[in-house]
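Quick notes on the structure that follows.
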Amino acid sequence: MAALSKSIPHNCYEIGHTWHPSCRVSFLQVTWGALEESLKIYAPLYLIAAILRKRKLDYYLYKLLPEILQSASFLTANGALYITFFCTLRRGLLTIYMANLATETLFRMGVARGAITTLRNGEVLLFCITAAMYMFFFRCKDGLKGFTFSALRFIVGKEEIPTHSYSPEAAYAKVEQKREKQEEKPRRMHIISLVRKLVNLICKHGPRHRCCKHYEDNCISYCIKGFIRMFSVGYLIQCCLRIPSAFRHLFTKPSRLLSLFYNKENFQLGAFLGSFVSIYKGTSCFLRWIRNLDDELHAIIAGFLAGISMMFYKSTTISMYLASKLVETMYFKGIEAGKVPYFPHADTIIYSISTAICFQAAVMEVQTLRPSYWKFLLRLTKGRFAVMNRKALDVFGTGASKHFQGFVPRLDPRYTVVKPELPIEFS
């Protein structure tokens, strides 16, 4: 507790922007670096999303660039305004430390105090629970709306939606019409059609329950096709994400292009998505056979078991994000039902608090920050977040310089309050 009463005499140059004594120049440098990295992040992201959604030419001409600039400016403001207020509030470093304590996450506080024991594969368990609830809402009438519903329908297929606008007889008629058209218009034999025919040949004598709505396939081929389809999607997504880094080394290291297609993460994401779909569909079909009916409650069991697929692609980020979105979905459902109150601008407040937690941890105790987010902050600020004088902050007892041992910034004595420590020269 004695550390709480301590203060430090340094100014913002000595602690924060040690690379340049001017607050204005430092602000411009951080802003430009953040803008550059933001454009690198959002430009390919929005372009790929537009291609996948099959946007028309008008979108590319009039909407694509404004959306990219809007998101990029939003992310740039995070870095620019942080360094601005760091300089503006430089006399309140004790307040920064207290804010850091006040906004520390409950989980990390519990782990640090021994009140919470970390659970092995906890992210997988969280994903299983989240997937179970998501799939239950997906199966319920008006359970999910908008992008979430469309995304799940794309992943698991419309066959798992309990209500359809056409009867089984009409569905059979559509299937027959489709087969007749295919026979009238011969297609070229390509890899996808060959794989599809192979799967149909293997599974053509398989069973299909009368409650199952996958009228073109039996239950076995239905699960196998679901795996192949989503495995391909996951593989291609991971390839697309690696394209910028691969082409960056196109001329210096051409051999790295091979890692674009033969990377371990490509197959892991594919296995994750493919097994999720196949387990979910297989479990749903199995429960229809066992109970002889199609029930929304099946989705809870099927979704939970399908969540085990995250063992192929463990990601705390995905689990936490989906869990947060689930809470948001349930909150808005509560508002619609009149069970919970509506708080205006709640999203802005939550985002501000979350940003405060991450940024204060990045200054006072980097060891508590997620490594991937720390790397992101370094990219966003062109490495300037790492050259803060954290050794001067060790007086507060958070181990601020724990991961920066031996680092001493090169400060100009003309702009410092305390005589700077000379950097150690290594021969």
Side-chain angles (χ1 to χ4, degrees), residues 27 30-31 34-35 38 41-42 45-46 49 53 59 62-89 92 95-110 126-127 129-138 140-153 316-364 368-370 373 376-377 380:
F27 165 76
V30 171
T31 302
L35 178 61
S38 300
I41 293 171
Y42 284 111
L45 183 65
Y46 275 92
R53 293 179 179 179
Y59 175 82
Y62 304 110
K63 294 184 179 181
L64 178 61
L65 183 59
E67 289 184 1
I68 293 174
L69 293 177
Q70 182 181 15
S71 297
S73 61
F74 164 74
L75 189 58
T76 302
N78 281 266
L81 292 178
Y82 180 79
I83 193 65
T84 300
F85 285 106
F86 187 91
C87 293
T88 304
L89 305 175
T95 304
I96 293 177
Y97 173 69
M98 292 301 296
N100 176 54
L101 287 181
T103 56
E104 189 176 5
T105 61
L106 292 176
F107 179 78
R108 292 187 180 276
M109 289 174 63
L126 178 61
F127 181 72
I129 298 172
T130 304
M133 297 305 299
Y134 262 122
M135 300 316 300
F136 173 70
F137 286 132
F138 176 71
C140 292
K141 186 177 181 181
D142 297 327
L144 293 176
K145 299 177 182 177
F147 176 76
T148 305
F149 177 80
S150 301
L152 288 177
R153 183 175 60 182
T316 305
T317 303
I318 294 177
S319 297
M320 292 298 296
Y321 175 77
L322 293 178
S324 301
K325 292 296 291 183
L326 177 63
V327 172
E328 181 188 49
T329 300
M330 297 177 71
Y331 170 68
F332 282 112
K333 282 186 172 296
I335 293 176
E336 293 176 0
K339 300 293 181 65
V340 295
Y342 172 73
F343 298 97
H345 308 296
D347 53 347
T348 304
I349 296 172
I350 293 173
Y351 178 79
S352 299
I353 294 174
S354 301
T355 304
I357 294 172
C358 295
F359 275 51
Q360 298 309 315
V363 175
M364 301 299 295
T368 65
L369 201 63
R370 184 180 300 166
Y373 188 74
F376 169 73
L377 290 180
L380 197 65

Could you tell me which non-hydrogen atom of [X] sits nearest to which non-hydrogen atom of [Y], and how far apart they are?
X	Y	answer
L377	A362	CD1-CB, 3.7 Å
L322	F127	CD1-CE1, 3.5 Å
F137	L326	CE1-CD1, 3.9 Å
T148	L144	CG2-CD1, 3.9 Å
L35	A72	CD1-CB, 4.5 Å
L152	Y134	CD1-O, 4.1 Å

Practice problem: Name the orientation class of the two ring planes belonging to F149 and F138 (parallel below 30°, tilted from 30 to 60°, perpendicular beyond 60°). | Solution: tilted
Quiz item: How would you list all residue pairs meeting salt bridge (Lys or Arg N to Asp or Glu O under 4.0 Å) that involve residues 329-341, not counting sequence neighbours?
Solution: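 Salt bridge (Lys or Arg N to Asp or Glu O under 4.0 Å) check on residues 329-341 returns no pairs.
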Quiz prompt | Under 3.5 Å: donor-acceptor pair, side chain of S73, backbone of Q70 | solution = yes
Practice problem: Might you work through the side-chain contact (heavy atoms from CB on, under 4.5 Å) test for L380 and S38, ending with a clear yes or no? | Solution: CA-CA 7 Å; L380 197 65; S38 300; 3.9 Å; yes
Quiz prompt | Interatomic spacing from OH in Y46 to CG in L65 - rounded to 0.5 Å | solution = 12.0 Å
Quiz item: Under the side-chain contact (heavy atoms from CB on, under 4.5 Å) criterion, do Y59 and E67 qualify, and how do the steps go?
Solution: CA-CA 10 Å; Y59 175 82; E67 289 184 1; 2.7 Å; yes
